[in-house]
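Here the structure comes first, spelled out in structure tokens, and everything after it is commentary.
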Amino acid sequence: MQVNLEKQFPVEAAGADSWQILSNIKTIASCMPGAEITEQVDDSHYRGKVKAKVGPATMSFDGTIEILGLDPEKRELRMTSKGQDSKGTSSVQMDLTAWILDGETGGSELKGEALVNANGKIASLGGRLMTQVADQVLNQFGKN
């Protein structure tokens, strides 16, 4: 099952300051509810864990993150991540592009687009439920 996500959040910090946060993978992961970086393999590869409640099921995923690009001029992050739940019944892959845009009042905006492919038990829960859970998680991420 495939889900497309698009989000945009206001950020109180100036664009340059927001970019410093977005370009630091460990810091940005700490803003994501249930996410944790467990190992930095090299400059562009990480291992981590994500725990999420999807409907009646709570799932824990172990996975990898690959940074495909960090463009300071565009203030753009491109990455891909893959994970499998600890029981081996579900897998997820996400391709993400995120940008920092200058705001009109001195702050900035974080804009993101993601393509999520889910297989197994998590896919059987349906796209509507996954979109609702993703919206909740991303809204909390934006606040953090």
Side-chain angles (χ1 to χ4, degrees), residues 1-55 57-123 125 127 129-144:
M1 179 180 65
Q2 193 173 68
V3 178
N4 290 308
L5 302 170
E6 289 185 30
K7 282 289 188 183
Q8 193 160 338
F9 303 100
V11 181
E12 291 181 21
D17 294 334
S18 296
W19 170 247
Q20 291 303 313
I21 294 169
L22 182 65
S23 62
N24 185 316
I25 302 308
K26 290 181 180 179
T27 300
I28 205 73
S30 72
C31 295
M32 183 66 70
E36 172 188 7
I37 298 291
T38 59
E39 179 183 359
Q40 181 172 350
V41 178
D42 58 32
D43 287 344
S44 60
H45 295 87
Y46 299 81
R47 288 192 176 98
K49 296 181 179 205
V50 176
K51 186 175 183 179
K53 185 166 174 58
V54 183
T58 298
M59 304 180 116
S60 295
F61 289 84
D62 292 321
T64 60
I65 298 169
E66 179 180 2
I67 306 305
L68 303 173
L70 282 170
D71 186 332
E73 286 189 31
K74 292 182 182 178
R75 296 185 193 147
E76 178 183 272
L77 162 69
R78 291 184 309 107
M79 62 176 264
T80 188
S81 59
K82 298 175 185 176
Q84 182 157 347
D85 77 306
S86 57
K87 296 177 183 175
T89 60
S90 298
S91 64
V92 177
Q93 178 176 342
M94 178 183 71
D95 295 317
L96 169 75
T97 302
W99 306 266
I100 296 294
L101 307 169
D102 288 324
E104 294 179 19
T105 60
S108 56
E109 292 187 2
L110 170 61
K111 181 177 180 180
E113 296 177 357
L115 177 63
V116 180
N117 287 297
N119 296 297
K121 183 178 178 180
I122 195 167
L125 296 172
L129 185 57
M130 283 184 55
T131 301
Q132 289 173 346
V133 170
D135 281 344
Q136 290 173 356
V137 169
L138 291 174
N139 286 335
Q140 183 63 46
F141 170 80
K143 289 178 186 174
N144 290 344

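Counting only residues at least two apart or on different chains, no side-chain hydrogen bond (donor to acceptor under 3.5 Å, both in side chains) pair has a member in residues 61-74. Residue pairs meeting the side-chain hydrogen bond (donor to acceptor under 3.5 Å, both in side chains) criterion with at least one partner in residues 105-115, sequence neighbours excluded, are Gln8-Glu109, Ser18-Ser108.
Atom CH2 in Trp19 sits 11.5 Å away from atom CG in Leu101 (nearest 0.5 Å). Expressed to the nearest 0.5 Å, how far NZ of Lys51 lies from CG of Asp85 amounts to 13.0 Å. The CD atom of Gln20 sits 10.0 Å away from the OG1 atom of Thr27 when rounded to the nearest 0.5 Å. Interatomic distance, OG1 of Thr97 versus CG of Leu77, reported as 7.5 Å (0.5 Å rounding). The CG atom of Asn24 sits 10.0 Å away from the CG atom of Leu70 when rounded to the nearest 0.5 Å. Interatomic distance, OG of Ser60 versus NZ of Lys49, reported as 8.0 Å (0.5 Å rounding).
At a threshold of 4.5 Å between non-hydrogen side-chain atoms, the residues Val92 and Asn117 do not count as touching. When side chains are defined from C-beta on, Tyr46 counts as touching Ile67, because their heavy atoms get closer than 4.5 Å. Taking the side chain as every heavy atom from C-beta outward, Val3 and Met1 approach each other to under 4.5 Å.
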Quiz: residues 31-39 side-chain donor-acceptor pairs under 3.5 angstrom, not counting sequence neighbours:
unit_1 : atom_1 : unit_2 : atom_2 : d
Thr38  : OG1    : Arg47  : O      : 3.2
Glu39  : OE1    : Arg47  : NH1    : 3.0
Glu39  : OE2    : Arg47  : NH1    : 3.4

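Applying the side-chain contact (heavy atoms from CB on, under 4.5 Å) test to Ser81 and every residue at least two apart in sequence or in another chain returns Ile65, Met79, Met94. With sequence neighbours left out, Gln84 forms a side-chain contact (heavy atoms from CB on, under 4.5 Å) with no residue at all. For Asp102, the salt bridge (Lys or Arg N to Asp or Glu O under 4.0 Å) partners two or more places apart in sequence, or in a different chain, are Arg75.
Open room surrounds CD on Glu104; 12 or fewer heavy atoms of other groups in view lie less than 6.0 Å from it. Asp42 CG: more than 12 foreign heavy atoms inside a 6.0 Å radius.
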